[in-house]
Engineer: 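There's a structure below that I have some questions on.
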Amino acid sequence: MHSLRFRFLLSLVLVAGLALLALWSIAHFLVYPSLLSREDDYVAKEMGRVESAWQSDLKKLGAETRDWASWDDAYDFMRGNTPEFVEKSFSQEMFHDMNYMMMIFMRMDGSPAWMAGYDRSTDQYSTCSSAADSCRWMSPIFSVVQDHVRHQRPELDKWLLSVPAPAMIATSPIVPTERGDAPPLGWLAVVRSMDRAWFESTRDQTGVDISIEPILHPDLIVKPPPIIRISDDQLLAIRWLDAAPGDNKLSLQATLPRREFVANAASFNFAMLWTIGVLLTVVIVILGLLELIILTPTRRLAHFTREQRREESFSDSLPVSLIARRDELGSLAREFQHLLMHQKARTDSLEQLSHRDHLTGLLNRRYLDEYLVQSLTQANQNHHAVGLIIIDIDYFKAYNDHYGHPEGDHCLTRVARILDRVVDDQGIVARAGGEEFIVVLPDVTRKRTWRMAEQLRLAVAGLALQHEPSPVADHVTISAGMAISLPQAPCQPAELMRLADESLYRAKQAGRNQVGARIREPWYQSQTL
């Protein structure tokens, strides 16, 4: 009862109990709240990418609508000069390729002049002069569009529709290309359904499974929390989006895996079980005064394990006194070090893969977004400028259609390689998607940014990749848009991207194979270089 072995055993039991209590407290008051907080950050990033994807689609739809509405043939059609415009310009195949659901030409008072629609669910293509007969199925959407344009200013507008089905809509006044003083003759509305095909496309872009449901009376519904953890493996992220008509909403829902949380929780539980096992082994095996031989190195190893769990980045070097041992504890320490080194190598490899585009080997959009935020933050702190260049291969769709997608992939790879070679260590080059590339240049001037954009354009032209369908040149060319965030007028990432995209649009409007530029001056004024 009073033996040293019993006291030692009792002390070990007490220590083991205190250790278990400490582990439980750490788990419930430190570790799991920290894991949940990191999971919230992960959800915010994923939903940000989803939001960026649908906003990009809506922006693209607006650009396409503006192009259609500023086409001289469309303007002449509204004047009644080209009745053959409809038959020549529109077909079921065009609607299918452009992923359009409806196109509506309206007069300025909102009355229909001509409409066409393609219902993918029934494979029905209809053209009419009003929402009747074969076009009756378009009537609910036409009514909402008609009411919208009656209150719209004569400029491009992009918005979401809740009923009868979720959709993206862009409306623009119909004007000639060289507008001058010519008044708009009507409205053009282009509708793109947010259907299964759109969900699959968004999932391909973001890797996130999403769904959308209309909320018709949001004031009568209790708004759900933004994150619902539905199981140990999955969670549901919810965002409400404004949509017409009225105050309706669209509920954007994304099902996300909880891989990181589960993995970290499993690692933590494994570490706890391992620690408990060590303690129990000590209690069972060590019945004497073996503190110096067993318990001291065991505590040192447990302390190292806990320290690595608490740190964001772990060390793969265990204490030399453990590694150098020739007994079982030394072997365990060496195996554990090997496991840490293997885990670190796999983590580094996975992190590297997650930052690269699988086709071109360039950095991907996810890394670009993080890098751009970091660059702008550092630029704001250090008072220097950051340049951004958006590059688009001219008439790449025509290239793919003419030479085939394998050659198109080869073209993307060649262009990516030369862009990366020209930029070198002056910044980064990322593939934003499709035939679009983005260059970020930290600590630059306007002149250097412009020179870099021009060098990139000339380098791609110097590849002399044949491009017969291109109306610009007989070889592959690029159009580039540049923008710069100045210390006296810093930009947010989304704004800098928007300015560069506008510059790219101007370069395309000017004939392509050139560089367009816009900068942000003090007092938030945009001027052309």
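Position 1 is the first residue of the sequence, and the numbers go up from there. Side-chain atoms are counted along with the backbone in the values below, which use heavy atoms only and exclude waters and symmetry mates.
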Engineer: Strictly by side-chain hydrogen bond (donor to acceptor under 3.5 Å, both in side chains), give each pair with a member in residues 405-431 just once, sequence neighbours left out.
Structural biologist: Asp357-Arg431

Engineer: Carefully, step by step, assess Asp501 and Lys59 under the rule salt bridge (charged side-chain N to carboxylate O under 4.0 Å, His left out).
Structural biologist: CA-CA 11 Å; Asp501 195 58; Lys59 184 176 181 180; 3.2 Å; yes

Engineer: Give a yes or no on whether the backbone of Pro245 and the side-chain of Asn248 come within a donor-acceptor separation of less than 3.5 Å.
Structural biologist: yes

Engineer: My understanding is that only residues two or more places apart in sequence, or in another chain, count here; which of them pass disulfide (SG to SG under 2.5 Å) with Cys135?
Structural biologist: Cys128

Engineer: Minimum heavy-atom separation for Pro490 to Ser485, with atom names?
Structural biologist: CA-OG, 3.4 Å

Engineer: Which atom pairs, donor and acceptor, lie under 3.5 Å between side-chain atoms of residues 370-378 and protein residues at least two apart or in another chain?
Structural biologist:
{"from": "Ser375", "atom 1": "OG", "to": "Tyr371", "atom 2": "O", "distance (Å)": "2.9"}
{"from": "Thr377", "atom 1": "OG1", "to": "Val373", "atom 2": "O", "distance (Å)": "2.8"}

Engineer: Does the side chain of Tyr118 come under 3.5 Å of the side chain of Asp123 through a donor N or O and an acceptor N or O?
Structural biologist: yes

Engineer: Show me the side-chain donor-acceptor pairs of residues 199-214 shorter than 3.5 Å, one per line, residues at least two apart or across chains.
Structural biologist:
{"from": "Thr202", "atom 1": "OG1", "to": "Trp198", "atom 2": "O", "distance (Å)": "2.9"}
{"from": "Thr206", "atom 1": "OG1", "to": "Thr202", "atom 2": "O", "distance (Å)": "2.8"}
{"from": "Thr206", "atom 1": "OG1", "to": "Val208", "atom 2": "N", "distance (Å)": "3.2"}

Engineer: Sequence neighbours left out, what pairs pass ring-ring contact (aromatic ring centres under 6.0 Å, His included) with at least one residue falling in residues 133-173?
Structural biologist: His148-Trp159

Engineer: Could you tell me whether a side-chain N or O of Thr65 sits under 3.5 Å from a main-chain N or O of Val190, the two making a donor and an acceptor?
Structural biologist: no

Engineer: Evaluate the side chain to side chain donor-acceptor pair (under 3.5 Å) criterion for residues Asp394 and Ser479: first the C-alpha distance (whole Å), next the side-chain angles of each, then the deciding distance (0.1 Å), finally the verdict.
Structural biologist: CA-CA 6 Å; Asp394 295 329; Ser479 297; 2.6 Å; yes

Engineer: If you measure only the distance, is there a donor-acceptor pair under 3.5 Å linking the side chains of Asp157 and Thr171?
Structural biologist: no

Engineer: Any donor-acceptor pair under 3.5 Å linking the side-chain atoms of Glu435 with those of Tyr399?
Structural biologist: no

Engineer: Residues in side chain to side chain donor-acceptor pair (under 3.5 Å) with Ser231, at least two apart?
Structural biologist: none

Engineer: Between Trp68 and Phe90, how do the two ring planes meet: parallel, tilted or perpendicular, split at 30° and 60°?
Structural biologist: parallel

